[in-house]
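Here is the structure we will look at, set down as structure tokens.
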Amino acid sequence: QVQLVESGGGLVQVGGSLRLSCAASGLTFSRYAMGWFRQPPGKEREFVAAISRSGGYTGYTDSVKGRFTISRDNAKNLVYLQMNSLKPEDTAVYYCAGNSLGGVYYDRKEYSNWGQGTQVTVSS
């Protein structure tokens, strides 16, 4: 079965960096576009970034543009989210998601497969 497993979360100070990883198994990874979403405490899950099957196209929510970078390694079935200049409002559970449609979608409804999430806490 399809499994997405996130790692790399933790506690970091304002202005610090973290790199999240998502390991995929049970699917033909190169046929899936991948996304990162996050759910802040008490709020809805929201889009963060997405990347196309080949990695040639990416999309970001406005609040992370210039600070976060999504990338993927199809040979290793991994997708990454490099997060720099972290702010307290970036505190959330971060989820990796996959969609077989292949597009860089911002709507979580387009994603059929989800990981269990990893906590990111940015302290001031």
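No hydrogens, no waters, no symmetry mates; every other heavy atom, side chains included, goes into these values.
Connection of Phe29 to Val2 is established within a shared hydrophobic cluster, with ILVMFWY side chains joined at heavy-atom distances below 4.5 Å, either directly or through further cluster members. A single hydrophobic cluster is not seen to contain both Phe47 and Leu81; linkage of ILVMFWY side chains at heavy-atom distances under 4.5 Å, directly or through other members, places them apart. Linking ILVMFWY residues whenever their side-chain heavy atoms come closer than 4.5 Å, directly or via other members, leaves Val79 and Trp114 in distinct clusters. Hydrophobic cluster membership is shared by Met83 and Tyr60, with clusters built from Ile, Leu, Val, Met, Phe, Trp and Tyr side chains linked at under 4.5 angstrom.
Classification of Asp62 and Lys65 as a salt-bridged pair holds, one side-chain N sitting under 4.0 Å from a carboxylate O.
One N or O on the side chain of Ser54 and one on the backbone of Gly56 form a donor-acceptor pair closer than 3.5 Å.
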Next on the checklist: Let's go through Met34 and Leu4 carefully: what are the C-alpha distance in whole Å and the side-chain angles of both, what is the deciding distance for side-chain contact (heavy atoms from CB on, under 4.5 Å) to 0.1 Å, and is it a yes or a no?
Outcome noted: CA-CA 10 Å; Met34 301 298 295; Leu4 301 175; 4.0 Å; yes

Next on the checklist: Could you go through Ile70 and Gln82, starting from their C-alpha distance and side-chain angles, then the distance that decides it, and tell me whether this counts as side-chain contact (heavy atoms from CB on, under 4.5 Å)?
Outcome noted: CA-CA 6 Å; Ile70 189 171; Gln82 177 67 45; over 6 Å; no

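Residues passing the salt bridge (Lys or Arg N to Asp or Glu O under 4.0 Å) test with Glu46, sequence neighbours excluded: Arg38. With sequence neighbours excluded, no residue forms a salt bridge (Lys or Arg N to Asp or Glu O under 4.0 Å) with Asp107. With sequence neighbours left out, the side-chain hydrogen bond (donor to acceptor under 3.5 Å, both in side chains) criterion links Lys43 to no other residue. Partners of Asn99 under the side-chain hydrogen bond (donor to acceptor under 3.5 Å, both in side chains) rule, at least two apart in sequence or in another chain, do not exist in this structure. Under the side-chain hydrogen bond (donor to acceptor under 3.5 Å, both in side chains) criterion, Arg31 pairs with no residue, sequence neighbours left out. For Tyr32, there are no ring-ring contact (aromatic ring centres under 6.0 Å, His included) partners, not counting sequence neighbours. Under the rule for a ring-ring contact (aromatic ring centres under 6.0 Å, His included), Tyr57 has no partner lying at least two apart in sequence or in another chain. Every residue two or more places apart in sequence or in another chain was checked for a salt bridge (Lys or Arg N to Asp or Glu O under 4.0 Å) with Arg72, and none qualifies. Contacts of Tyr111 classified as ring-ring contact (aromatic ring centres under 6.0 Å, His included), with partners at least two apart in sequence or in another chain: Phe37.
Pairs engaging residues 42-90 under the disulfide bond (SG atoms under 2.5 Å apart) rule: none recorded [sequence neighbours left out].
Of all non-hydrogen atoms in Arg67 and Ser63, the two that sit nearest each other are NH2-O, 2.9 Å. When all heavy atoms are compared, the tightest approach of Gln119 to Thr121 is NE2-OG1, 3.3 Å. For the pair Gly103 and Ala33, the tightest heavy-atom approach, listed with the atom from each and the gap, is O-CB, 3.3 Å. Taking every heavy atom of both residues into account, Ser71 and Ile51 meet most closely at CA-CD1, 3.6 Å.
Both cation-pi conditions hold for Arg45 and Tyr95: the charged atom is under 6.0 angstrom from the six-membered ring centre and inside a 45 degree cone around its axis.
For Glu89, the CD atom is densely surrounded, since the number of other residues' heavy atoms within 6.0 Å is greater than 12.
In this structure, CG in Asn113 is found 7.5 Å from OG in Ser100, a value given to the nearest 0.5 Å.
Two residues are said to be in side-chain contact when any heavy atoms from C-beta on lie closer than 4.5 Å; Thr118 and Val93 fail this criterion. Counting only heavy atoms from C-beta outward, the side chains of Phe68 and Thr61 never approach each other to under 4.5 Å. Thr91 has its side chain out of reach of Val120: every pair of non-hydrogen atoms, C-beta onward, lies at least 4.5 Å apart.
Under a 4.5 Å side-chain heavy-atom cut-off, the cluster of Ile, Leu, Val, Met, Phe, Trp and Tyr residues that includes Leu78 is completed by Tyr80.
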Show which side-chain atoms of residues 6-20 pair as donor or acceptor with protein atoms under 3.5 Å away, not counting sequence neighbours.
from: Glu6; atom 1: OE1; to: Gln116; atom 2: N; distance (Å): 3.1
from: Glu6; atom 1: OE1; to: Gln116; atom 2: NE2; distance (Å): 3.4
from: Glu6; atom 1: OE1; to: Gly117; atom 2: N; distance (Å): 2.9
from: Glu6; atom 1: OE2; to: Cys96; atom 2: N; distance (Å): 2.8
from: Glu6; atom 1: OE2; to: Gly117; atom 2: N; distance (Å): 3.3
from: Ser17; atom 1: OG; to: Asn84; atom 2: OD1; distance (Å): 2.9

